[in-house]
Amino acid sequence: MNINRFSHPMILLSLALLTMIACMTSVSTPTPFEPTATQNTETESAITEVSETAVLTLTAEGNQETPDTGSSCTVLQDLNLRFGPGMAYRPPIRVLPANSSIIPLGFAPQGIPGGSWAYVQADGDKGWVSAGPQYISCNVELASLPSVDFGTPPAPPLPKSTQTSNPDGSGFCIDADDDYECVGIISEASLLQFKVLKDGIEQGPDDGMGPVTFTVTSEGDTVYTLVENIPAYCIFGGNGPCSEWVFEDGIYKWGPGGTPVEPGDYTVNVDVSLNGASTNWRVDFTVTLP
């Protein structure tokens, strides 16, 4: 009976030892790491998420030019949307109808040829509109907007001149007894060259030809004057070939720093003296702009 009393604890102790040995064997011999299909999928998913974040960041940076700030303007009258700040940037991209809404993006205090201009987004188009209060009304101070780079406007085609009067003029030039003839050469590039011919030969200072004065008027107002002493007597100067129209500040002008050329009807008076005799040669013409 004594033997039977001590044998039960011994059996329990043996079982406990076997369990400990089995656990120690499991800890001391770990299973090598083997990537599973699930682990690979999670890694690709993380890369995909980073890529999507990067794309979103790039998109956000690309749209910094048109932030959603709540700024807006209302077009007060039909208004040209241009690819640069000024009327020199022609032709317009399109016409924005009155009462349409646009988003202001930038500002130019001085356009070409003048005035202040706003860089805006109108639906899918971006461009420039005149910033005058008669053209747009905005809920933001336009002068506080950033400046925007813009290119030099291309030169428009030369003004077209259409002569509408008898080119023979008046005075001694048509006096058959004097054998003198006045010739006015009209061209789009240089408008007018004036010649006095005698027996088909052009006269100059050595032939008693005095200064030639060109005076251009429109509706009674003088818009341009030039005194030319050098043959070939061109209205814009030059001794052959004649100088062309002055293109300045993105527009055509009547001479450097002169009055802007407007479409309409004009008269040029040419005052000339020859051998002490003076006369006036006149021609009417029309200017059209592109």
Revision key, fill the gap. Rounded to the nearest 0.5 angstrom, the OG1-CD1 distance for Thr213 and Ile235 is 11.5 Å

Review point. If you count the non-hydrogen atoms of other residues, nucleotides and ligands that lie under 6.0 Å from CE in Met87, is the total more than 12?
Key: no

Check your understanding: Can you tell me how far the CG atom of Asn269 sits from the CZ atom of Phe214, to the nearest 0.5 Å?
Key -> 11.5 Å

Check your understanding: Angle class for the Tyr89/Phe150 ring planes (parallel below 30°, perpendicular above 60°, tilted otherwise)?
Key -> perpendicular

**Study point:** Full working for side chain to side chain contact (heavy atoms under 4.5 Å, CB included) between Ile136 and Leu142
**Key:** CA-CA 11 Å; Ile136 57 175; Leu142 292 176; 3.9 Å; yes

Review point. Once you round to the nearest 0.5 Å, how far does CG of Leu145 lie from SG of Cys138?
Key: 8.0 Å

Exercise for review: Can you establish whether the number of heavy atoms outside Glu219 located under 6.0 Å from its atom CD is more than 12?
Suggested key: no

Review point. Does atom CG of Asp149 have more than 12 heavy-atom neighbours, drawn from other residues, nucleotides or ligands, at distances under 6.0 Å?
Key: no

Review point. Is the Phe194 to Tyr233 ring centre distance short of 6.0 Å?
Key: no

Exercise for review: Could you grab the distance from atom OG of Ser218 to atom CH2 of Trp254, nearest 0.5 Å is fine?
Suggested key: 8.5 Å

**Study point:** hydrophobic_cluster_shared for Leu79 and Ile112, side chain cutoff 4.5 Å
**Key:** yes

Practice item. Decide if atom NZ of Lys198 counts as having more than 12 heavy atoms of other residues, nucleotides or ligands within a radius under 6.0 Å. Key: yes

Point to revise | Rounded distance (nearest 0.5 Å) linking atom CG of Leu197 with atom OH of Tyr180 | key: 11.0 Å

Exercise for review: Take Asp125 and Arg94, measure what salt bridge (Lys or Arg N to Asp or Glu O under 4.0 Å) needs, and give me the verdict at the end.
Suggested key: CA-CA 9 Å; Asp125 295 324; Arg94 65 184 178 94; 2.6 Å; yes

Practice item. Tell me, please, which residues at least two apart from Glu202 pass side chain to side chain donor-acceptor pair (under 3.5 Å). Key: none

Check your understanding: Within the side chain of Asn139, is there an N or O that forms a donor-acceptor pair under 3.5 Å with the backbone of Ser72?
Key -> yes

Check your understanding: Knowing that exactly one of Val223, Leu192, Val287 qualifies, which makes a side-chain contact (heavy atoms from CB on, under 4.5 Å) with Val216?
Key -> Val223

